[in-house]
Amino acid sequence: MALQALHSSGVGLRRILAHFPEDLSLAFAYGSAVYRQAGPSAHQENPMLDLVFTVDDPVAWHAMNLKKNWSHYSFLKLLGPRIISSIQNNYGAGVYFNPLIRCDGKLIKYGVISTGTLIEDLLNWNNLYIAGRLQKPVKIVSMNENMALRAALDKNLRSAVTTACLMLPESFSEEDLFIEIAGLSYSGDFRMVIGEEKSKVLNIVKPNVGHFRELYESILQKDPQVVYKMHQGQLEIDKSPEGQFTQLMTLPRTLQQQINHIMDPPGRNRDVEETLLQVAQDPDCGDVVRLAISSIVRPSSIRQSTKGLFTAGMKKSVIYSSRKLNKMWKGWMRKAS
């Protein structure tokens, strides 16, 4: 199973986890503090550790965390766990971040998302926010026996492969595939214009091709639409209209709906299947899929970043944004030199 490639039992990560309430269905770490990246992140000393906690009952979890870690929260802590959970679930991408936290001698940022919201995002790509992070190598610190969540995690990886293949030519390399997959959740993200270093996707993939291969190898071997020449690092995909229609029909629901919205002329009100059949025969099929992904990611990233002004508080938001801009500036300077 592809998920086995995600597991990690790092003692340092478990020590950090011990500072938080235990009721987690999933906890994972991601980013440059976990997997080496090229570019500006490669030269960072003690980079911030990014974590996501998935919880079945956000109200109960935030209530316990407020007792243990009151100082982690912005002024919203004064409104109590129900309001915090409501803001988490109903605004942005369904995740509540507390950044710039000093924990066990390390600077961390952690996000909290409900199990139900994460499963929905993994299956349907409603926001492609946390689902997008889980399309790249992460370190699983803790995971319970929730079979629906495990199945959704696996489906998210398979959807990433299918979507990336639709945007690639008939023949391509492993690295080409992994670059497309890693770029899905950045497609249309306004932070790639302001705050993120432009070659971020390449910087993620280049040093971690082996980790991406671990994550996707079994999916590629089992995919009937893919010819995977593993020893050569090359792949071929069925680009016939029939093959592309089969791939389009397996895409996450929200992505299919966005494709329909882009392609359906006003007043036609065609059903999604009819639109996908048309797109499958279109030479610009990949461009349509890419545009549809951007139409999911862009509003989601804007809403989540706006929410961060309140969940992090103004002071932390300024500091956090300054760190991002500084990293981008260093990337520019290295390219110029």
Side-chain angles (χ1 to χ4, degrees), residues 1-7 24-28 30 52-56 93-95 111 113-140 142-168 174 177-178 180-187 211-226 228 235 237-238 243-260 272-273 276 279-280 286 289-290 292-293 295-297 300:
M1 188 179 182
L3 289 178
Q4 291 173 343
L6 296 172
H7 276 286
L24 302 173
S25 56
L26 172 69
F28 68 89
Y30 65 97
V52 169
F53 302 149
T54 307
V55 302
D56 291 339
V95 59
I113 187 170
S114 79
T115 307
T117 299
L118 178 58
I119 289 173
E120 279 289 309
D121 198 29
L122 292 167
L123 293 177
N124 299 318
W125 290 8
N126 298 341
N127 298 296
L128 199 51
Y129 199 84
I130 301 302
R133 280 150 180 74
L134 285 161
Q135 291 163 356
K136 296 175 270 290
V138 303
K139 291 203 183 249
I140 300 287
S142 169
M143 183 159 60
N144 67 13
E145 296 301 316
N146 186 324
M147 296 311 295
L149 176 57
R150 287 171 179 260
L153 287 162
D154 196 56
K155 177 64 166 66
N156 181 49
L157 297 179
R158 287 186 279 115
S159 295
V161 168
T162 302
T163 306
C165 285
L166 281 163
M167 297 187 294
L168 286 162
E174 279 182 324
L177 175 66
F178 300 149
E180 284 291 351
I181 289 173
L184 291 175
S185 62
Y186 295 114
S187 180
H211 294 301
F212 275 92
R213 188 181 297 121
E214 268 189 275
L215 193 56
Y216 286 102
E217 186 175 79
S218 66
I219 290 172
L220 294 170
Q221 288 172 336
K222 294 173 185 175
D223 192 330
Q225 299 287 316
V226 173
Y228 182 27
L235 302 98
I237 186 77
D238 182 359
Q244 293 199 136
F245 180 63
T246 300
Q247 294 156 38
L248 288 163
M249 287 297 291
T250 66
L251 293 179
R253 185 182 63 199
T254 303
L255 182 53
Q256 290 180 337
Q257 291 170 343
Q258 289 299 323
I259 291 171
N260 189 47
V272 171
E273 186 172 341
L276 296 182
V279 173
V289 172
R290 196 181 302 279
I293 294 167
S295 68
I296 295 171
V297 173
S300 170

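Along the sequence shown, residues are numbered consecutively beginning with 1. Being a predicted model, the structure only gives us computed values, none of them experimental.
- Under the side chain to side chain contact (heavy atoms under 4.5 Å, CB included) criterion, Asn124 pairs with Glu120, Asn126, Arg253, Thr254, sequence neighbours left out.
- Note that CG of Leu153 is 5.0 Å distant from CG of Leu122, once rounded to the nearest 0.5 Å.
- The heavy-atom pair separating Met249 from Gln256 by the smallest distance is O-NE2, 3.0 Å.
- Under the side-chain hydrogen bond (donor to acceptor under 3.5 Å, both in side chains) criterion, Glu273 pairs with no residue, sequence neighbours left out.
- The minimum heavy-atom distance linking Ser187 with Arg290 is given by the pair OG-O, 3.8 Å.
- Note on residues 121-132: no pairs pass salt bridge (Lys or Arg N to Asp or Glu O under 4.0 Å), not counting sequence neighbours.
- Interatomic distance, Leu255 CG to Ile259 CD1, rounded to the nearest 0.5 Å: 4.5 Å.
- Considering CG of Asp56 and OG of Ser114, their distance stands at 8.5 Å, rounded to 0.5 Å.
- For Asn146, the side-chain hydrogen bond (donor to acceptor under 3.5 Å, both in side chains) criterion is met by no residue, not counting sequence neighbours.
- A heavy-atom distance below 4.5 Å is found between the side chains of Ile237 and Gln247.
- The side-chain hydrogen bond (donor to acceptor under 3.5 Å, both in side chains) search around Asn144 returns none, not counting sequence neighbours.
- Contact record, Thr246 with Gln225: CG2-NE2, 3.7 Å, taken as the closest heavy-atom pair.
- With rounding to the nearest 0.5 angstrom, the OH atom of Tyr216 is 4.5 Å from the CD1 atom of Ile181.
- For Ala182, the side chain to side chain contact (heavy atoms under 4.5 Å, CB included) test picks out Lys136, Val201, Val205, Phe212, with sequence neighbours left out.
- Using a cut-off of 4.0 Å between Lys/Arg side-chain N and Asp/Glu carboxylate O, Arg150 and Asp154 are scored as not salt-bridged.
- The backbone N or O of Arg158 lies less than 3.5 Å from a partner atom in the side chain of Thr162, making a donor-acceptor pair.
- Taking the side chain to side chain contact (heavy atoms under 4.5 Å, CB included) definition, one finds that Ser159 meets it with Trp125, Lys155, Pro252, sequence neighbours left out.
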Worked check of side chain to side chain contact (heavy atoms under 4.5 Å, CB included) between Leu220 and Leu177: CA-CA 11 Å; Leu220 294 170; Leu177 175 66; 3.7 Å; yes
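- Taking each heavy atom of Thr115 and Ser25 in turn, the nearest pair found is OG1-OG, 2.8 Å.
- In this structure, CZ in Arg133 is found 5.0 Å from CD1 in Ile130, a value given to the nearest 0.5 Å.
- By the side chain to side chain contact (heavy atoms under 4.5 Å, CB included) test, Glu217 is found to be paired with Arg213, Gln221, Tyr228, Met230, residues two or more places apart in sequence or in another chain being considered.
- In this structure the side chain of Leu166 never reaches within 4.5 angstrom of the side chain of Thr163, judged on heavy atoms.
- When all heavy atoms of Leu128 and Ser185 are compared, the closest pair comes out as O-CB, 3.7 Å.
- Asn127 contributes atom CG, which lies 8.0 Å from atom CD1 of Ile113 (distance to the nearest 0.5 angstrom).
- A side chain to side chain contact (heavy atoms under 4.5 Å, CB included) with Leu118 holds for exactly one of Leu123, Val95, Leu134, Val52; it is Leu134.
- When all heavy atoms are compared, the tightest approach of Leu184 to Val297 is O-CG2, 3.7 Å.
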